[in-house]
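Labels below follow one simple rule: chain letters A, B, ... track the order of the sequence lines, proteins then strands, and each chain is numbered from 1.
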2 protein chains.
Amino acid sequence: MANFRPMDLASFYKCLSDPTRLRIVNLLLKGPLCVCQIQDILQEAQVKTSKHLGYMKKRELLVVKRKANWNFYELDPSLHPIARASMQAIEVHASEDPTFAADLERLQNSQDSDCC
Amino acid sequence: MANFRPMDLASFYKCLSDPTRLRIVNLLLKGPLCVCQIQDILQEAQVKTSKHLGYMKKRELLVVKRKANWNFYELDPSLHPIARASMQAIEVHASEDPTFAADLERLQNSQDSDCC
DNA sequence: TAGGAATATACGTCAATAGGAATATACCTT
DNA sequence: AAGGTATATTCCTATTGACGTATATTCCTA
């Protein structure tokens with residue numbers, strides 16, 4: 001969101017307007033993750049996860065870094081303060097939500113995964 | 001957003017995912033407004049404004065109070081902290097955006113309007 | 001009670017979105 | 001080079017969303 005215009009802000013909030021994408025954002029708030037980790041944690045179909053990641057990448061909420069065979073996604077570090085504040089609020093309150101909390105727990109357990 | 005679930009949160013962010021609705025939220029952050037004031041400030045077609053207000057009311061972001069011939073919309077006072085934080089960030093940064101700023105200026109000038 | 005002002009709804013159209021199935025691409029390993 | 005793993009893309013379908021035109025509803029006032 002280089003230029004702060006309602007248009008861009010709307011585009012940012014569109015990224016947060018889907019449950020699956022919110023779950024992904026909740027995970028990426030903890031740091032970069034590779035696609036297979038995200039898939040494992042969400043327990044959703046590969047194509048579904050991939051397309052939501054592509055959606056957010058296209059709208060510049062996420063950036064991707066390829067390492068060997070794996071794609072690591074992370075939140076764009078240069079987001080507008082409004083975006084940052086919105087996501088920070090999600091992070092602060094994630095434990096109140098069963099889905100977010102369960103995802104974060106699976107994230108913990110996946111640290112010692114053999115995936116990537 | 002009585003229950004905090006990604007579903008509800010997604011629904012909330014859907015309300016923020018349209019430029020016109022963002023402009024409305026920006027105005028309502030300053031307090032309740034009647035539809036005619038909102039229409040005057042946005043300078044958009046009546047039906048467009050009305051439908052966006054209906055959209056947000058249906059998703060419980062806004063509540064409406066009828067007074068005589070006029071409908072006053074306001075932000076639901078019992079919103080989840082995540083929603084509050086997101087909107088507060090919008091309020092803090094509104095002056096950075098030409099559209100938001102111009103809308104707020106027209107809001108000032110409309111205080112002495114003969115509308116409602 | 002008839003007319004007018006304020007606001008919402010119905011209907012039609014077109015674009016965008018979500019999700020699945022199948023397929024393609026990119027890179028690694030043997 | 002061949003096969004495997006990781007990930008993206010294409011195609012299809014059903015749903016939702018945005019916006020305009022026309023019309024309905026609600027309430028006030030003369």
Side-chain angles (χ1 to χ4, degrees), chain A residues 6-25 27-28 32-74 110 113-116, chain B residues 6-25 27-28 32-74 110 113-116:
Chain A
M7 214 67 153
D8 309 304
L9 199 55
S11 178
F12 162 69
Y13 282 124
K14 267 190 191 174
C15 290
L16 303 189
S17 72
D18 175 273
T20 304
R21 290 197 290 268
L22 279 171
R23 292 176 66 196
I24 294 173
V25 166
L27 293 174
L28 294 181
L33 287 174
C34 105
V35 177
C36 57
Q37 290 177 293
I38 299 172
Q39 277 169 17
D40 286 352
I41 296 170
L42 296 188
Q43 300 173 311
E44 294 279 2
Q46 182 263 327
V47 62
K48 185 172 174 179
T49 307
S50 176
K51 282 203 275 197
H52 281 303
L53 289 169
Y55 185 104
M56 291 189 279
K57 179 191 166 199
K58 185 178 173 188
R59 284 158 184 78
E60 297 178 300
L61 177 57
L62 305 184
V63 293
V64 57
K65 289 173 186 165
R66 179 136 205 160
K67 287 180 194 171
N69 219 355
W70 296 277
N71 279 354
F72 286 82
Y73 281 86
E74 57 183 282
S110 83
S113 161
D114 54 352
C115 166
C116 44
Chain B
M7 214 66 155
D8 310 305
L9 199 54
S11 177
F12 162 69
Y13 282 124
K14 268 190 192 176
C15 290
L16 302 189
S17 71
D18 175 272
T20 305
R21 290 198 291 267
L22 280 172
R23 292 175 68 196
I24 293 173
V25 166
L27 292 173
L28 294 182
L33 287 174
C34 104
V35 177
C36 57
Q37 290 177 291
I38 298 172
Q39 276 168 18
D40 286 352
I41 295 172
L42 296 188
Q43 299 174 312
E44 296 278 2
Q46 181 263 328
V47 63
K48 185 173 174 179
T49 306
S50 176
K51 281 202 276 196
H52 281 302
L53 288 169
Y55 185 105
M56 293 189 278
K57 178 190 166 198
K58 185 178 174 188
R59 285 158 185 79
E60 297 177 302
L61 177 58
L62 306 183
V63 292
V64 57
K65 288 174 186 164
R66 179 138 205 157
K67 286 181 194 170
N69 220 356
W70 295 278
N71 279 355
F72 286 81
Y73 281 87
E74 58 182 281
S110 83
S113 160
D114 55 350
C115 166
C116 43

Counting Watson-Crick and G-U wobble pairs only, both distances under 3.5 Å, name the nucleotide matched with [N], or none.
N: D:dT5; answer: C:dA26
N: D:dT26; answer: C:dA5
N: C:dT13; answer: D:dA18

Original post:
At under 4.0 Å between heavy atoms, what does A:Y73 touch on the DNA or RNA strands: base, sugar-phosphate, or nothing?
Top reply: sugar-phosphate
Original post:
Base, sugar-phosphate alone, or nothing: which one does B:Q46 contact when heavy atoms must sit under 4.0 Å apart?
Top reply: base
Mind checking the [atom1]-[atom2] spacing from [X] to [Y]? Nearest 0.5 Å is all I need.
X: A:C15; Y: A:K57; atom1: SG; atom2: NZ; value: 13.5 Å
X: A:R59; Y: A:D8; atom1: CZ; atom2: CG; value: 12.0 Å
X: B:T49; Y: B:L42; atom1: OG1; atom2: CG; value: 5.0 Å

Counting only side-chain N and O atoms of [X], is one of them less than 4.0 Å from OP1 or OP2 of [N]?
X: A:H52; N: C:dG19; value: yes
X: B:R21; N: D:dA18; value: yes
X: A:K51; N: D:dA8; value: no
X: A:R66; N: D:dT7; value: no
X: B:R59; N: D:dG17; value: yes

Round to the nearest Å and state the distance from [X] atom [atom1] to [N] atom [atom2].
X: A:Q39; N: D:dT5; atom1: CD; atom2: P; value: 14 Å
X: B:K58; N: D:dA18; atom1: NZ; atom2: C1'; value: 14 Å
X: B:L22; N: D:dA18; atom1: CG; atom2: P; value: 11 Å
X: A:E44; N: D:dT7; atom1: CD; atom2: P; value: 17 Å
X: B:K14; N: D:dA18; atom1: NZ; atom2: P; value: 9 Å
X: B:L53; N: D:dA18; atom1: CG; atom2: C1'; value: 15 Å
X: A:D18; N: C:dG19; atom1: CG; atom2: C1'; value: 10 Å
X: B:K67; N: C:dT7; atom1: NZ; atom2: C1'; value: 17 Å

**OP:** Examine distances only and state if a side-chain atom of B:S17 and a backbone atom of B:K14 form a donor-acceptor pair shorter than 3.5 Å.
**Re:** yes
**OP:** Check for a donor-acceptor pair, side chain of B:R21 on one end and backbone N or O of B:H52 on the other, with a separation under 3.5 Å.
**Re:**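 Not a single qualifying donor-acceptor pair exists.
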Subject >> Worked check of side-chain contact (heavy atoms from CB on, under 4.5 Å) between A:D40 and A:S110 >> reply: CA-CA 9 Å; A:D40 286 352; A:S110 83; over 6 Å; no
Subject >> Residue whose nearest DNA chain C nucleotide is more 5′ - B:W70 or A:K48 >> reply: B:W70
**OP:** Using heavy atoms to find the nearest nucleotide of DNA chain C for B:C34 and A:Y55 separately, return the residue whose nucleotide is more 5′.
**Re:** B:C34
Subject >> Out of C:dA22, D:dG17, D:dT21, whichever nucleotide has its closest atom nearest the side chain of A:V47 >> reply: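 Out of C:dA22, D:dG17, D:dT21, the nucleotide with an atom closest to A:V47's side chain is C:dA22.
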Original post:
So which nucleotide from D:dC19, C:dG20, C:dA5 ends up closest to the side chain of B:N69?
Top reply: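 Closest of the options to the side chain of B:N69: C:dA5.
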Original post:
Want to settle it: does A:C36 or B:A45 sit nearer the 5' end of DNA chain D, counting the closest nucleotide to each?
Top reply: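 Its nearest nucleotide being more 5', the pick is A:C36.
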